[in-house]
**Q** 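Quick one: the structure is below, and I'll ask about it shortly.
We count residues from 1, following the sequence as given. Both counts, for ligands and for their atoms, begin at 1 and track the order of listing.
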Amino acid sequence: MVSFYEELTVRCSKQLVHDDLPNTSIIICFVDEVWSTLIRTVFSVLNRSPPELLKEVILVDDFSTKAFLKETLDGYMKQFPKVRILHLKERHGLIRARIAGANIATGDVLTFLDSHVECNVGWLEPLLEQVRINRKKVACPVIEVISDKDMSYMTVDNFQRGIFSWPMNFGWKPIPKEVLQKNKITDMDPIKCPIMAGGLFSIDKKYFYELGTYDPGLDVWGGENMEISFKIWMCGGEIEIIPCSRVGHIFRNDNPYSFPKDRVKTVERNLARVAEVWLDEYKELFYGHGYHLLQELPNIGDLTQQKELRKKLQCKSFRWYIDNVYPDLDAPLARASGVIMSPALGKCLSLQNATVVLDDCDASKQNQHFNFSWLRLIKQKDLCIAPGEKDKVTVRACDNKNSGIRWLHKSLTTFQPSLEAHFVLEGIPRPTCLEYEPLQNRLRTSACNVNNKLQKWQFEKYIAL
Ligand code: UD2
Ligand code: MN
């Protein structure tokens, strides 16, 4: 029986492309790559790319420590006139190494590859065809799997889209059935891809520079695929996976090279840079799903140029990206919303003359409508319920960086689940709760007490708690 895969291969081989395709520079960055896998990568490119489309192969050695990646490699590659090697004088990290490779490239299109891949038969033409059709299209091959045990090539046959989930983890997801049907998508059609995996893609060289390449402030590894994906989509381009182009990649659990700083922190810092520049109000979801990420904020460096670039390119909002590119992303802007009721009193919190009081519940009144934000603020527009002097409760301008106005509520009070219905001030050693005090008919903060009914509150609607 002919498999789905073999049958697709036959159809792909019959697909026509323009005869004036642009040529490409292949850019392969590596640090301490294994000899055999690097050679396999280069051979697959040289053997399986039409010579007229292959301008050059640029190997960027990101300051490897292994001796065989210096003169030995240079000597070996001399037999291939199209291969150029750039030895960086210090560790750039993969992002800046790719930029260094792009800076010396002479082809019309840049095609980036990891240093441990195998390009399959006919891999290149379908990528360049898409760029030829629209220079703002960024084309990715289907990434197949090379076993890290025996180096065999394994095909994949259900093509998926690259996506992310909060707090910005890359993942794969099949296209929803409705979307397939609605758009009459067949298995050879390019797949619109909200986020690219990162390693393997073709992009028009001029367009890459129009987009300002990568944010050069991203360090070592990680997050750059988010950055370039948001940038491409929000600033007028598209990312597609091209089913007829296939490249195998060795997925490894460990990086075979060392990180100059802590690996996890490096990636988190990169992601925080991306969030600050691209996510608009949705960056709250990023921090709200990974609270410790806020700690990276002081270390993320200057973002002026990135923000200016976004303005200059007149890029669309993140909201637009969600609505148009990734509508199935789960992204509610508040964890809970509506009136905040005291079940014991049957009354609701209300903002009157910049103070918080209790009033008869009326969900239609704007001054009784609150949002519980991802950063744990109880907000009404730009005003937040906050602890005041002594035991007073007041309102203040919301400030995401002010940890003194954050409240724990519902599932956030896991340290003491019995306080679920309470609003517990965050970060105070002695649990302190929002309470109604009947004698003076006012709100105050007071030592939390699980049995005190006047400390229990309920939002009208819980969205993500
Ligand atoms: C994925 C991407 C990878 C990159 C990465 C970071 C694929 C198949 N792979 O992880 O391309 O986007 O996510 O987000 O989509 N390298 C350097 N200098 C460094 C570190 C790495 O040159 O400081 C090289 C490395 O030798 C390799 C490439 O960059 O050729 C990507 O690194 P990886 O293979 O460790 O990343 P991977 O595949 O786990
Ligand atoms: Mn890789």
**Q** Within a strict 4.5 Å, meaning less than it, do heavy atoms of the E227 and W278 side chains meet?
**A**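 With C-beta onward as the side chain, the pair touches.
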**Q** State whether the number of non-hydrogen atoms from other residues, nucleotides or ligands found under 6.0 Å of Q15 atom CD is greater than 12.
**A**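 Counting other residues, nucleotides and ligands, CD of Q15 exceeds 12 neighbours.
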**Q** What residue and atom, counting heavy atoms only, is the protein's closest point to atom 10 (O) of ligand 1, and at what distance?
**A**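 Sorting protein heavy atoms by distance from atom 10 (O) of ligand 1 puts W221 CZ2, 3.6 Å first.
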**Q** Hey, is ligand 1 close enough to F251 that some N/O pair sits below 3.5 Å?
**A**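 No, there is no polar N/O contact under 3.5 Å.
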**Q** So does E71 have more than 12 non-hydrogen atoms from other groups sitting under 6.0 Å from CD?
**A**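 Open: at most 12 neighbouring heavy atoms sit under 6.0 Å from CD of E71.
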**Q** Any N or O on E33 sitting closer than 3.5 Å to an N or O of ligand 1?
**A**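 Such a contact does not occur with ligand 1.
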**Q** Is a salt bridge present between R11 and E7, judged by a nitrogen-to-oxygen distance below 4.0 Å?
**A**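 Salt bridge between R11 and E7, a charged N being under 4.0 Å from a carboxylate O: yes.
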**Q** Any side-chain heavy atom of Y321 sitting closer than 4.5 Å to one from L329?
**A**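 No, their side chains stay 4.5 Å or more apart.
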**Q** Measure the distance from atom 2 (C) of ligand 1 to every protein heavy atom, then report the residue, atom name and distance (to 0.1 Å) of the closest one.
**A**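 Answer, as residue, atom name and distance: G199 N, 3.7 Å.
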**Q** Salt-bridged, R91 to D62, with N to O below 4.0 Å?
**A**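 Salt bridge: yes.
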**Q** What are the atoms of ligand 1, with element, lying closer than 4.0 Å to any heavy atom of V220?
**A**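 Close to V220: 19 (C), 20 (C), 23 (O).
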**Q** Return yes or no for this condition: an N or O of L200 is under 3.5 Å from an N or O of ligand 1.
**A**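 It does not: no N or O of L200 is found under 3.5 Å from an N or O of ligand 1.
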**Q** Please state which protein non-hydrogen atom is closest to atom 35 (O) of ligand 1 and give its distance, to 0.1 Å?
**A**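 For this ligand atom, the closest protein heavy atom is Y257 OH, 2.6 Å.
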**Q** May I ask which of E224, H92, M196 has a heavy atom nearer to atom 6 (C) of ligand 1 than the others do?
**A**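 The residue whose heavy atom sits nearest atom 6 (C) of ligand 1 is E224.
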**Q** Take a 6.0 Å sphere around NZ of K192 and say whether it holds more than 12 heavy atoms from other residues, nucleotides or ligands.
**A**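 Yes, the 6.0 Å shell around NZ holds more than 12 heavy atoms from other groups.
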**Q** Where's the contact between L94 and ligand 1, heavy-atom distance under 4.0 Å: side chain, backbone, both or neither?
**A**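 Both the backbone and the side chain of L94 come within reach of ligand 1.
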**Q** Any salt bridge linking D323 with K316? Criterion: basic side-chain nitrogen under 4.0 Å from a carboxylate oxygen.
**A**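 No.
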**Q** Could you list the atoms of ligand 1 found under 4.0 angstrom from a heavy atom of V31?
**A**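 Taking each heavy atom of V31 in turn, ligand 1 has 16 (N), 17 (C), 18 (N), 19 (C), 20 (C), 21 (C), 22 (O), 26 (O) under 4.0 Å.
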**Q** Minimum distance, heavy atoms only, to atom 34 (O) of ligand 1: which one of R96, H116, H249 is it?
**A**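 It is H116 that holds the nearest heavy atom.
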**Q** Using a strict 4.0 Å cut-off to heavy atoms of F30, name the atoms of ligand 1 that fall inside it.
**A**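 Those atoms are 22 (O), 26 (O).
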**Q** Does only the side chain of R98 get under 4.0 Å from ligand 1, or the backbone, or both, or neither? Count heavy atoms.
**A**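 Under 4.0 Å from ligand 1, R98 contributes side-chain atoms alone.
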**Q** Taking 4.0 angstrom as the limit, do D215 and K231 come out as a salt bridge?
**A**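 Salt bridge absent between D215 and K231.
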**Q** Tell me, which protein residue and heavy-atom name are nearest atom 24 (C) of ligand 1, and how many Å apart are they?
**A**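 Ranked first by proximity to atom 24 (C) of ligand 1 is C29 O, 3.6 Å.
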**Q** Starting from atom 9 (N) of ligand 1, find the nearest protein heavy-atom neighbour and note its residue, name and distance.
**A**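 The closest one turns out to be D114 OD2, 3.1 Å.
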**Q** Determine, for cysteines C384 and C398, whether their SG atoms are under 2.5 angstrom apart.
**A**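 C384 pairs with C398 as a disulfide (SG atoms under 2.5 Å apart), so yes.
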**Q** Which atoms from ligand 1 have a heavy atom of D62 less than 4.0 Å away?
**A**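 Ligand 1 atoms under the 4.0 Å threshold to D62: 17 (C), 18 (N), 19 (C), 22 (O), 23 (O).
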**Q** Going by heavy-atom distance to atom 27 (C) of ligand 1, choose the closest among P256, S115, G223.
**A**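 That would be S115.
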**Q** Using a 4.0 Å cut-off to any heavy atom of N255, which atoms of ligand 1 qualify?
**A**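 Result: 35 (O).
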**Q** For Y291, is the NZ or CZ atom of R376 found under 6.0 angstrom from the centre of its six-membered ring and inside 45 degrees of the ring axis?
**A**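 Yes, R376 sits over the ring of Y291.
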**Q** Do me a favour and list the nearest non-hydrogen protein atom to atom 1 (C) of ligand 1 with residue, atom name and distance?
**A**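 Looking at atom 1 (C) of ligand 1, the protein heavy atom closest to it is A197 O, 4.2 Å.
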**Q** The Mn ion (ligand 2) is nearest to which N, O or S atom of D114?
**A**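 Result: OD2.
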**Q** Quick one: which ligand 1 atoms are inside 4.0 Å of a heavy atom on G198?
**A**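 Listed by number with element, the hits are 11 (O), 12 (O), 15 (O).
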**Q** Check this for me, if you would: do R48 and E118 make a salt bridge, where the nitrogen-to-carboxylate-oxygen distance has to be below 4.0 angstrom?
**A**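 Judged by the 4.0 Å cut-off on N to carboxylate O distance, R48 and E118 do form a salt bridge.
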**Q** Assess whether atom NZ of K173 is packed by more than 12 heavy atoms of other residues, nucleotides or ligands within 6.0 Å.
**A**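 More than 12 heavy atoms, drawn from other residues, nucleotides or ligands, come within 6.0 Å of this atom.
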